There are 2 protein chains.
Amino acid sequence: MFVENGGSPNYMEIELQIKMNPSLYLRDPEQSELGKNIIKHSIQLIHDNGFEAFTFKKLAESIGTTEAGVYRYFENKHKLLVYIISWYWCWIQFQLSYQTNNIEDPAIKLKKVITLLSTNVEDDITTGHVDEFQLHQILIAEGSKAYLTNHVGKDNNQQFFQPYKDLCNTIGEIILECNPKYKYPHSLASTIIEMAHLQNFFMNHLPTLTDFSKSKDEKEIIKYLEELVFNTIRI
Amino acid sequence: MFVENGGSPNYMEIELQIKMNPSLYLRDPEQSELGKNIIKHSIQLIHDNGFEAFTFKKLAESIGTTEAGVYRYFENKHKLLVYIISWYWCWIQFQLSYQTNNIEDPAIKLKKVITLLSTNVEDDITTGHVDEFQLHQILIAEGSKAYLTNHVGKDNNQQFFQPYKDLCNTIGEIILECNPKYKYPHSLASTIIEMAHLQNFFMNHLPTLTDFSKSKDEKEIIKYLEELVFNTIRI
DNA sequence: TTTCAAATAATAGTATTACTATCTTAAATA
DNA sequence: TATTTAAGATAGTAATACTATTATTTGAAA
């Protein structure tokens with residue numbers, strides 16, 4: 001991942017560009033207008049109707065191109081989903097390093113992590129064609145479908161889940177900074193990530209599975225997770 | 001849910017029969033040989049190839065009936081998935097009340113819950129056409145697909161997730177017995193349920209997301225969850 | 001300036017999926 | 001015996017998930 005001037009006509013703007021695993025695409029969607037439109041409209045459509053109802057035909061219609069045009073960029077809709085989800089984890093990783101930069105106290109860093117993962121972000125204007133708000137919603141409802149497949153092993157061998165794993169490692173290291181003797185830093189990291197999303201989904205769709213149904217407030221999820229995490233690592 | 005003599009020719013046997021939400025099916029699969037075969041072979045096929053690869057045509061071929069025959073029992077494959085998942089949660093609820101019967105100490109009850117959810121059960125012979133071992137594997141890999149849809153609200157209105165919610169409430173009550181002042185009993189219950197499955201999936205398929213990759217032993221997951229749970233409720 | 005390669009657009013076609021409909025036969029029940 | 005009911009057999013449709021072909025446009029190297 002790197003930050004660069006993306007060749008925008010407004011010379012002083014900085015554009016955040018994320019380098020993705022090339023096995024995920026046939027043609028790099030960042031390198032053309034059609035490609036960027038594929039990403040933009042995919043996010044819109046998956047957000048609006050869910051991944052099951054999402055087809056390349058509808059996507060093509062929404063962009064104003066043909067099905068074959070989309071297939072030149074992505075082999076199938078699963079790889080496209082993994083692409084945008086990976087993109088999101090890279091973006092979160094960048095946000096995390098940005099937001100925890102210069103913070104010494106690992107407990108404060110860990111709180112930042114929990115807040116970052118639980119908060120419905122606002123759209124980041126430095127990434128023109130990606131709506132991070134919608135992307136966060138997609139992660140909540142569709143994130144686990146990236147790996148809950150019978151080809152998870154193959155996908156994993158092709159490093160499709162590297163950004164997720166990297167993030168999990170980063171969080172695991174912060175946990176170990178808090179308590180170097182804690183025995184389950186990776187499992188706790190993946191628990192934080194998944195529960196930040198799942199408790200949000202439950203809060204909004206199956207409220208009796210949570211204790212936040214009255215307020216429907218993300219801040220409650222943050223409090224729950226903070227208690228869970230800091231009590232188990234004993235701070 | 002009730003236990004009854006299922007009309008077996010071996011008169012002294014007890015058969016566990018679980019009453020399911022009738023909105024899930026068109027014809028009750030428990031009431032015919034074909035119906036029982038649909039359940040049995042669905043579990044086998046979804047276990048072997050995953051839910052995405054599962055079709056009513058393949059199911060019909062595997063049973064030796066026709067596609068139309070299956071459609072007489074279930075409207076679509078999603079409802080069939082929700083059916084077998086609901087069945088599993090009812091069965092777990094029964095196991096839970098059976099195993100915690102006569103136990104006074106709520107902390108021991110809660111440990112039983114964690115172990116029950118994390119352990120790969122053996123096939124229960126009192127449920128002839130259901131293989132609980134395979135069903136547990138299905139829950140791990142496909143369980144969240146029951147509710148991660150864009151029609152979760154409608155499904156919820158039809159009470160499709162009642163057995164899951166009931167289990168969550170039961171576990172929440174045990175948590176409150178341990179600590180009546182704990183503020184998040186339902187969220188902690190759903191966290192235990194989901195993480196018992198997800199950490200198992202990660203352990204076997206994306207091991208760097210956990211700390212159990214060396215042993216690949218369920219007992220490690222149980223230890224992790226026990227620490228997480230009992231530290232957060234402060235026992 | 002030409003040329004050549006790459007991207008795109010337009011169109012067509014296939015196998016599979018997710019159903020619906022109908023008609024006949026077999027078995028259970030009244 | 002008559003009648004409902006389930007099951008079996010067969011057919012058909014719309015949508016999905018692709019693949020293939022050809023023609024057109026564009027942009028960079030020779």
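By convention in this document, chain letters (A, B, ...) are assigned in the order of the sequence lines, proteins followed by strands, and residues within each chain are numbered from 1. Quick caveat, the model's predicted, so the values are computed rather than measured.
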- Message: Does any part of the side chain of A:Ile171, heavy atoms only, come nearer than 4.5 Å to the side chain of A:Leu117, both counted from C-beta?
- Response: yes
- Side chains of B:Tyr224 and A:Thr191: donor-acceptor distance under 3.5 Å anywhere? yes
- Task: Indicate whether any N or O donor in one side chain lies under 3.5 Å from an N or O acceptor in the other, for B:Asn120 and B:Gln137.
- Result: yes
- Query: What are the residues of residues 78-87 of chain B, sorted by number, that bring a heavy atom to within less than 4.0 Å of DNA chain D?
  - Reply: none
- Query: Less than 4.0 Å between a side-chain N and a carboxylate O, is that true for B:Glu52 and B:Lys145?
  - Reply: yes
- Distance test, side-chain N/O of B:Thr65 to OP1/OP2 of D:dG8, below 4.0 Å: yes
- Taking only residues two or more places apart in sequence or in another chain, which ones pass salt bridge (Lys or Arg N to Asp or Glu O under 4.0 Å) with A:Glu194? none
Expected rows: protein N/O vs nucleotides 20-27 of chain D N/O, under 3.5 Å:
none

- In chain order, what residues pass the side-chain hydrogen bond (donor to acceptor under 3.5 Å, both in side chains) check against B:Asn204, with sequence neighbours excluded? B:Asn200
- Message: For A:Gln44 and A:Ser62, which I'm curious about, is there any donor-acceptor pair between the side chains at under 3.5 Å?
- Response: no
- Please identify each residue that fulfils side-chain hydrogen bond (donor to acceptor under 3.5 Å, both in side chains) with B:Ser32, with sequence neighbours left out. B:Tyr73
- Task: Check the pair A:Thr210, A:Gln199 against side chain to side chain donor-acceptor pair (under 3.5 Å), reporting the backbone distance first and the verdict last.
- Result: CA-CA 7 Å; A:Thr210 71; A:Gln199 292 293 321; 5.3 Å; no
- Query: Once you build an axis from the first five pairs and another from the last five of the helix from C:dT1-D:dA30 to C:dA30-D:dT1, how far apart in angle are they, to 10 degrees?
  - Reply: 10°
- Task: Could you check how far CD of B:Glu67 sits from P of D:dA7, rounded to whole Å?
- Result: 17 Å
- Message: For a quick check under 3.5 Å, do B:Asn37 and B:Glu33 share a side-chain donor-acceptor pair by atom type?
- Response: no
- Message: Need two values: the first and the last nucleotide of DNA chain C, 5' to 3', having an atom under 4.0 Å from any heavy-atom of chain B.
- Response: C:dT17 to C:dA21
- Query: Got a sec? Which of residues 20-29 of chain A come in under 4.0 Å of DNA chain C, heavy atoms?
  - Reply: A:Arg27
- Apply salt bridge (Lys or Arg N to Asp or Glu O under 4.0 Å) to B:Lys79 and list each qualifying residue two or more places apart in sequence or on a separate chain. B:Glu75
- Is atom NZ of A:Lys77 surrounded by more than 12 heavy atoms (other residues, nucleotides or ligands) closer than 6.0 Å? yes
- Task: Could I get the full list of salt bridge (Lys or Arg N to Asp or Glu O under 4.0 Å) partners for B:Glu67, not counting sequence neighbours?
- Result: none
- Report the residues that fulfil side chain to side chain contact (heavy atoms under 4.5 Å, CB included) with B:His186, sequence neighbours left out, ordered by chain and then residue number. A:Asp211, B:Asn169
- Query: Is the distance between the ring centroids of B:Phe56 and B:Phe74 less than 6.0 Å?
  - Reply: no
- Item | Within 6.0 angstrom of B:Lys57 NZ, more than 12 heavy atoms from elsewhere | no
- Query: Once you round it to whole Å, what is the distance between C1' of D:dA15 and CG of B:Asn76?
  - Reply: 15 Å
- Note on the structure: Taking for A:Tyr71 and for B:Tyr73 the nucleotide of DNA chain D with the nearest heavy atom, the one nearer the 5' end belongs to B:Tyr73
- Give, ordered by number, those residues of residues 37-61 of chain B having at least one heavy-atom distance below 4.0 Å to an atom of DNA chain D; if nothing qualifies, reply none. none
- Message: Parallel, tilted or perpendicular, judged at 30° and 60°: which one describes the rings of B:Tyr25 and B:Tyr83?
- Response: perpendicular
- Query: Between atom CG of B:Leu148 and atom CD of B:Glu142, what is the distance when rounded to the nearest 0.5 Å?
  - Reply: 12.0 Å
